[in-house]
Number of protein chains: 2
Amino acid sequence: MVEITRQADTVRQARTPLSRERVLDAAVALADEGGVDALSMRRIAQELGVVPMALYKHVANKNELLDGMIDALVGEIDPPAGDAGWKTVVRLRVLSARRMLLRHPWASRVIEVRMRERAAPTPAVMAYLDSMIGIFRAGGFSVGLVHHAMHVMGSRLLGFSQELFDDSSDREPDPDALPPQEMAARFPHITELAMAVAHDEESVVGSGCDDQFEFEFALDLTLDGLERLLP
Amino acid sequence: MVEITRQADTVRQARTPLSRERVLDAAVALADEGGVDALSMRRIAQELGVVPMALYKHVANKNELLDGMIDALVGEIDPPAGDAGWKTVVRLRVLSARRMLLRHPWASRVIEVRMRERAAPTPAVMAYLDSMIGIFRAGGFSVGLVHHAMHVMGSRLLGFSQELFDDSSDREPDPDALPPQEMAARFPHITELAMAVAHDEESVVGSGCDDQFEFEFALDLTLDGLERLLP
DNA sequence: CTTGACAGGTGTACAGCGTCCACCTACTTT
DNA sequence: AAAGTAGGTGGACGCTGTACACCTGTCAAG
């Protein structure tokens, strides 16, 4: 009896070595059932039968944990499906993203908030956007047109937030950003787009992307679409 | 000297009687300069030279304070301009909303977050939406079409968040909601729309508004718009 | 076979948060 | 004069994220 207990004690900390993945999973589960407000380091730790500070051996801090959760969720979005034409492929992908967001209602809020205060989107989001851009390119869109398209789609692409790339602001450069050539290798379409935008507006001060123009572009496209619905 | 000082002391708490408006103004100012994370009850109080709990005599709690701030900001949006046709009027109004949001970069996040967890938007937001619906109606849109239009415009109307009315969820009814007839008087267009939607989907379980359909409607309208841009 | 590094879990502590509660004080109303 | 009330005060509680020092088990090198 005593032996069993002791073994159980030993086991509790030995059997489940508490990996980063286990922390992330517990966090997602907790958020799923109690909303993002129920998500505290202490609660996650408690759920894992561990002391709060133990989490910090696998996760730098809470923000980094949120980033990890986002990455996990974005990974749930279906990859582009076959060769059905850009319109169908984009449509299916966006609907898949939406399903993911409906499964995790707290997610869009977290993504949005983290997006706003981070230098760059998380890697999985980057990959998602890159592949989305790739679909448009393959569908015959020019680089410039894809740029507009991404702005127009903004709020639909992940179900919210049209300003995924808020490069206009004066954020300090991300210290652990990817070196350019690796960036280009992993996210070729994003890179192509970014370079084109940066280049053809060289003279413009600041962002290299006229947010105001893009906003009005999207707005007018929407209004035109609505106008066509009038009898 | 002593007298002056004593007078100053007296004055500090007597001259500026710390109204709700002063609290709201201080809060907005603080958020404007330090972002929404710098906004704590204690900081606001400090800024006003007062003890934190003093604020609670003018504001129920922090959420209610955030609501008040939102209302103040939405009030900054230009009223509908003249009789230039629905398209122009909507366009100008949305651009005015955008300018407000650019003046207060933290605002969209606050509005969105508060929207998600509140039973109803704040009065000023209601008024804004009501008048926006009115513009569409006056422009010849049917009630049903306005409904679609509001969903399509969603992310542009206030610069974000297409799900302003997330009535699908199972929120407890707002205790201090307006009585129906007052609601109808103050927000006639919202009421008209809400009743029409509730009525013609009587048989459907739940929300009275098929969010999935609306999402796809908006998505397809956007994709069609993009398609027309292809050479 | 020992030793030392190191990965990983523990315990304590701190500053900051929102807000409940009891209190005091000045002013208004009867 | 008495009673009520609006509004500022002070203290406390429970919660948060996380810095820091510590301990322990595992494993590699001498």
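These values consider heavy atoms only, across backbone and side chains, with no hydrogens, waters or symmetry-generated copies.
We find the CD1-CE distance between Ile111(A) and Met69(A) to be 10.5 Å, quoted to the nearest 0.5 Å.
Nucleic acid contact class of Val50(B) (heavy atoms, under 4.0 Å, all strands): sugar-phosphate only.
Within residues 55-67 of chain B, the residues that place at least one heavy atom under 4.0 Å from DNA chain D are, in residue-number order, Lys57(B), His58(B).
For the pair Leu48(A) CG and dG8(C) P, the computed distance is 15 Å after rounding to whole Å. dT16(D) atom C1' lies 14 Å from atom CG of Asp37(B), rounded to whole Å. Leu18(B) has its CG atom 17 Å from the P atom of dA26(C), to the nearest Å. For the pair Arg43(B) CZ and dG18(C) P, the interatomic distance rounds to 10 Å; values are reported in whole Å. Atom P of nucleotide dC15(D) and atom CG of Leu39(A) are separated by 16 Å, given to the nearest angstrom. A straight line from CZ of Arg20(A) to P of dA7(C) spans 17 Å, rounded to a whole angstrom.
Of the N and O atoms on the side chains of Asp71(B) and Thr122(B), at least one donor lies less than 3.5 Å from an acceptor on the other residue.
The side chain of Ser40(B) lies closest to dC17(C) when the candidates are dC17(C), dG8(D), dT10(C). The side chain of Met53(A) lies closest to dA19(D) when the candidates are dT19(C), dA19(D), dA13(C). Among the nucleotides dT9(D), dG17(D), dG11(C), the one closest to the side chain of Arg42(A) is dG17(D).
The only member of Arg98(B), Arg99(B), Arg91(B), Arg93(B) that meets salt bridge (charged side-chain N to carboxylate O under 4.0 Å, His left out) when paired with Asp78(B) is Arg99(B).
In this structure, Phe136(B) has its ring center at least 6.0 angstrom away from the ring center of His148(B).
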What donor-acceptor contacts under 3.5 angstrom involve side-chain atoms of residues 30-38 of chain A, with partners at least two apart or in another chain?
from	atom 1	to	atom 2	distance (Å)
Asp32(A)	OD1	His104(A)	ND1	2.7
Asp32(A)	OD1	Trp106(A)	NE1	2.7
Asp32(A)	OD2	His104(A)	ND1	3.1
Asp37(A)	OD1	Arg109(A)	NH2	3.3

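Within the 3.5 Å criterion, the main-chain N or O of Leu18(B) finds a donor-acceptor partner in the side chain of His58(B).
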